[in-house]
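Working notes, structure below.
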Amino acid sequence: RDSMDDYAALRELLTRDVYIPKFEYRLRRPDGSMARYLTDYYTANYLGVPVRIGVSGLADWELIETLSK
């Protein structure tokens with residue numbers, strides 16, 4: 001996929017950092033458009049299981065490419 005480089009960078013950070021502020025990435029949306037997102041990622045403990053939580057606000061995304069038909 002055309003946004004997998006961003007995903008690979010995030011996976012690398014998540015394996016070594018507990019908190020990742022304002023990680024910027026692109027994501028291909030189901031309608032084919034591309035958007036840019038900013039997300040704060042946290043590592044937490046939920047019922048004894050380590051989990052990752054991503055938090056974004058409504059203003060933390062931007063449509064950067066639409067699908068031409």
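What you see is a predicted model, and the numbers here were worked out from it, not measured in a lab. Heavy-atom basis, side chains included; hydrogens, waters and symmetry copies ignored.
There is a path of hydrophobic side-chain contacts, each under 4.5 Å, that joins Val51 to Leu47. Cluster membership check: Phe23 does not share its hydrophobic cluster with Tyr19, using side-chain heavy-atom separations under 4.5 Å among Ile, Leu, Val, Met, Phe, Trp and Tyr.
Atoms CZ and CH2, from Arg29 and Trp61 in turn, are 4.5 Å apart once rounded to the nearest 0.5 Å. Taking OH from Tyr41 and OG from Ser56, the interatomic distance works out to 6.5 Å, rounded to the nearest 0.5 Å.
A donor-acceptor pair shorter than 3.5 Å can be found between the side chains of Tyr25 and Thr39.
Residues passing the side chain to side chain donor-acceptor pair (under 3.5 Å) test with Tyr42: none are found, sequence neighbours excluded. With sequence neighbours left out, Thr43 forms a side chain to side chain donor-acceptor pair (under 3.5 Å) with no residue at all. Applying the side chain to side chain donor-acceptor pair (under 3.5 Å) test to Arg52 and every residue at least two apart in sequence or in another chain returns nothing.
Annotation: side chain of Thr66 is not in contact with side chain of Met34 (no heavy-atom distance under 4.5 Å). Contact annotation: the side chain of Asn45 never approaches that of Pro50 to less than 4.5 Å [non-hydrogen atoms, C-beta and beyond].
For the side chain to side chain donor-acceptor pair (under 3.5 Å) with Glu65, the qualifying choice from Arg26, Arg36, Arg28 is Arg28, the only one to do so.
Nearest heavy atom pair, residue Leu38 against residue Lys22, reads CD2-O, 3.6 Å.
With hydrogens and angles ignored, the 3.5 Å screen pairs no side-chain donor or acceptor of Asp40 with any backbone N or O of Val55.
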